[in-house]
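Here's the structure we're looking at; comments come further down.
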Amino acid sequence: MHADASERDPRVGEMASVLRGLDPQQREAVTIDAAPLAIVAAAGSGKTTVLTRRIARRIIDGSADARHVLALTFTRDAAGELRRRLRRLEIREPIESGTFHAVALRVLRDRALGTGGTPPSVANDRFRLIREVLTETRVRCEPGAALGDLDWARARLVPTSEFVAANRRVRRRPALSNDAFAAVLDAYTALKRRRGVVDFDDLLAGMLGEMRQDLVFADVVRWRFRHLFVDEAQDLNPLQHALLEEIRGGRPDICLVGDHRQAIYGWNGADPTTLLEVETHYPGVTVVSLTGNYRCSPQVVRAGAAALAAASIDDDTESRRPDGRPLRVIACADEHDEAAVVASMARDLVHRHGARHVAVLARTNEQLDALGRALSVAGVPIARAVGTSVLDRTVLEASRCTSRDQLAHWIESVWAADAVDPIRGRVAEEADRFLSSNEPGGFRTWLEVRQPFDDLATDDEGAVSLLTFHAAKGREWEAVVVTGVEDGLVPHASAGTVAQRAEEARLLYVALTRASDALVVTWAGERRGRAAAASPWLAAVSATIEHQRRAAPPADWRRPPRAPEPLQALKEWRATVARAAGVAPAAVCSDQVLRSMLADPPTDVAQVAVRLGLGIGAAERLAPKLLTLLPAAPA
């Protein structure tokens, strides 16, 4: 008997696993031999799946060396998810991945250790530093506003002397004058130097400066990072883009992944033309588009597309989901009436979907205060910010320790507790490992360099997420209530230019497409005692409801017995697996993965392994039960 191809060459089987389950567009994005390459990925189109599988494909076929891959992201959550996905694909070699700041920190740390210098240490509390600076310089300004000015200028590479003029060009109203800005920046830089700390932008500027000044170091960095992958490329600001280009050094081996329709950080210098006009930035680039949305129902996709179209922005996204519930648009008397309506609706949605699958979104933090009070009065548990998990809170708690002795006492207090939360225990163990190492720098720097908690899924606290549109980006829920869709808020009154209004439309699009199944939009006829009007884009969004109405049933129609919900059966299966493994359900797989298996069922153990990101052994244990819950695959 002859061995099949996969037995003769294990790479054949590995490649089949990497490509299995991809639609034609995704498969092209993963397999195409093109450099530079831009993958324009619509919301819910499997962006992270395509990115990680492209990395895996290139490592398997030898066109990339895992030791020389650099995958850059913009948030710690995204970086952790990317590393978890790569581990599930059984990429054995370590891959350098993380946020721009974390990668820069690791590079500068390695350089310092190699040259006998002092590794950078990240400041634990920038607000404390800026308060000292404002006191020292006698500049009257809110600390947050002062930091906002500093960050804005550094992200855009604005020289000190051109600070006010640069603000004027983009119609931004700074908190500081030119002289005050220069004084605060100089004092802030000096204070950080005295304390021996840096902030995140210092890491990027520091690595960029070192590479430009030391050509040998630049060559070493480029030798180390030969294959570049950038997630959320539409969010690149000038400082990040300059560092990326310095690392690239004109070489073509770069893959950009993102979506110009989700470019919402113009205030920080991000430019949607990085992807929208990518041919200008990267001559000779090949562009592959992912237009299938596997997350959102057709109703949600149409609502999002209508918001963009009303602002003259094209969207060719198509839902790959069955029909869902119709969009609801609710007009309220004022913000108090809106808060009461949202609280009542959120309570109903929690009963239907579960608290952690529901979100209430608003354009500004000020709106969230009234909404939060109403939700609390209604007995709806809320989480006011991303990063409120036990892990995030515990890391913040430990990082605030100002000395090693204080951190040691904190560790002892965690271990001395009668019932130690497993996650708090993990953080305490890592803090103890840091103290035992005697490495210079703080605990926060240690964590940024090592990323030791990537295996931990975000814990479920059973709370409704209450977030701004910006904070919701990159997340998803089954049911979303988008509030305050009024002129002056959406678009915001501060959006005075064509570019700013276009960004506001993209921001509304992001908010709407966070919902997978149920979407509700509210607005108030009066806010803060003043008459308000619906957003100029709301009419287009509301018009999609006409396309969502089904024909009335015949008079003698009788509703048949309700069939079991297939997704619910899969969720129950996932919960059983999670309990047996002692992990959160989300650590087994996401709702999006469950839906994709309903839409395109796996047919054997190998396909189950790929779809769940498991090894064959684990898949063999789970596949028999799972396959019985899925519809038969087409012949």
Side-chain angles (χ1 to χ4, degrees), residues 40-45 169-172 232-236 258-278 280 289-291 293 296 298-319 327-329 331 361-364 367 468-474 480-515 519-524 527 532-548:
V40 180
S45 62
R169 282 194 295 271
V170 297
R171 298 189 184 182
R172 179 181 183 269
E232 302 286 8
Q234 78 279 354
D235 292 338
L236 286 165
D259 182 11
H260 56 86
R261 289 155 295 202
Q262 298 185 67
I264 59 173
Y265 296 120
W267 52 270
N268 195 36
D271 184 356
T273 65
T274 302
L275 279 179
L276 193 59
E277 301 172 8
V278 69
T280 302
S289 296
L290 307 181
T291 59
N293 184 321
C296 304
Q299 285 78 5
V300 172
V301 169
R302 283 195 290 266
L308 293 177
S312 301
I313 301 173
D314 294 332
D315 179 31
D316 57 355
T317 310
E318 299 176 350
S319 175
L327 163 73
R328 295 183 63 187
V329 176
L361 309 181
R363 175 63 181 84
T364 67
Q367 294 168 261
T468 63
F469 294 176
H470 281 101
K473 184 173 179 290
V480 173
V481 183
V482 179
T483 67
V485 184
E486 302 146 27
D487 197 8
L489 287 173
V490 182
H492 196 270
S494 61
T497 67
V498 172
Q500 289 169 341
R501 286 179 67 85
E503 180 165 312
E504 289 290 311
R506 295 193 297 270
L507 186 55
L508 176 59
Y509 169 80
V510 166
L512 296 173
T513 55
R514 298 312 90 196
L519 176 61
V520 181
V521 178
T522 68
W523 69 281
R527 191 170 295 273
S535 166
W537 302 318
L538 186 56
V541 174
S542 300
T544 66
I545 298 175
E546 294 300 319
H547 300 287
Q548 298 173 17

Inset, instruction - Output all residues satisfying side chain to side chain donor-acceptor pair (under 3.5 Å) with His492, sequence neighbours left out; order by chain, then residue number. - result: Ser494
Inset, instruction - For Arg514, check salt bridge (charged side-chain N to carboxylate O under 4.0 Å, His left out) against everything at least two apart and list the hits. - result: none
Legend entry - 4.5 Å side-chain heavy-atom contact, Arg261 and Asp316: yes
Legend entry - Ala42 versus Ser45, closest heavy-atom pair with distance: O-OG, 2.6 Å
Inset, instruction - List for me each residue that meets salt bridge (charged side-chain N to carboxylate O under 4.0 Å, His left out) alongside Glu232, sequence neighbours excluded, and say none if there are none. - result: Lys47, Lys473
Inset, instruction - Hey, could you give me the CZ/OG1 distance between Phe469 and Thr364, rounded to the nearest 0.5 Å? - result: 9.0 Å
Inset, instruction - Over all heavy atoms of both residues, which pair between Ala511 and Leu361 is shortest? Give the atoms and the distance, please. - result: O-CD1, 3.8 Å
Inset, instruction - Look at the side chain of Gln500 and the backbone N and O of Gly496, then say whether any donor-acceptor pair between them is shorter than 3.5 Å. - result: yes
Legend entry - Point-to-point distance, once rounded to the nearest 0.5 Å, from CG of Leu275 to CG of Leu236: 8.5 Å
Inset, instruction - Compare all side-chain heavy atoms of Leu507 with those of His470 and state whether any distance is below 4.5 angstrom. - result: yes
Inset, instruction - With sequence neighbours excluded, tell me which residues meet salt bridge (charged side-chain N to carboxylate O under 4.0 Å, His left out) with Arg171. - result: none
Legend entry - Ala524: side-chain contact (heavy atoms from CB on, under 4.5 Å) partners, not counting sequence neighbours: Glu486, Arg527
Legend entry - With Arg501 via salt bridge (charged side-chain N to carboxylate O under 4.0 Å, His left out) - residues at least two apart: none
Inset, instruction - Please confirm whether the backbone N or O of Pro536 pairs with a side-chain atom of Asp487, one donor and one acceptor, at under 3.5 Å? - result: no
Legend entry - Pairing residues for Asp314 by the side-chain contact (heavy atoms from CB on, under 4.5 Å) criterion, not counting sequence neighbours: none
Legend entry - Separation of Ser535 OG from Arg363 CZ (nearest 0.5 Å): 11.5 Å
Legend entry - All side chain to side chain donor-acceptor pair (under 3.5 Å) counterparts of Glu503, not counting sequence neighbours: none
Inset, instruction - Would you please name every residue forming a side chain to side chain donor-acceptor pair (under 3.5 Å) with Thr522, sequence neighbours left out? - result: Glu338
Inset, instruction - Output all residues satisfying side-chain contact (heavy atoms from CB on, under 4.5 Å) with Ile313, sequence neighbours left out; order by chain, then residue number. - result: Leu308, Ala311, Ala502, Ala505, Arg506
Inset, instruction - Kindly indicate whether the side chain of Val490, heavy atoms from C-beta on, has any atom under 4.5 Å from the side chain of Leu538. - result: no
Inset, instruction - Pick out which of Thr291, Asp259, Val301, Leu290 makes a side-chain contact (heavy atoms from CB on, under 4.5 Å) with Thr317. - result: Val301
Inset, instruction - Flag the pair Tyr509 / Asp315 as yes when at least one side-chain heavy-atom distance between them is below 4.5 Å, and no otherwise. - result: yes
Inset, instruction - Please name all residues satisfying side-chain contact (heavy atoms from CB on, under 4.5 Å) with Glu318, sequence neighbours left out, ordered by chain then number. - result: Arg320
Inset, instruction - Indicate yes or no: at least one non-hydrogen side-chain atom of Val482 is less than 4.5 angstrom from one of Leu519. - result: yes
Legend entry - Non-hydrogen side-chain atoms of Asp235 and Gln262 separated by less than 4.5 Å: no
Inset, instruction - Measure the shortest side-chain to side-chain distance between Thr273 and Thr280 over non-hydrogen atoms and say whether it is less than 4.5 angstrom. - result: no
Inset, instruction - Taking the side chain as every heavy atom from C-beta outward, state whether Val485 and Trp537 have any pair of such atoms under 4.5 Å apart. - result: no
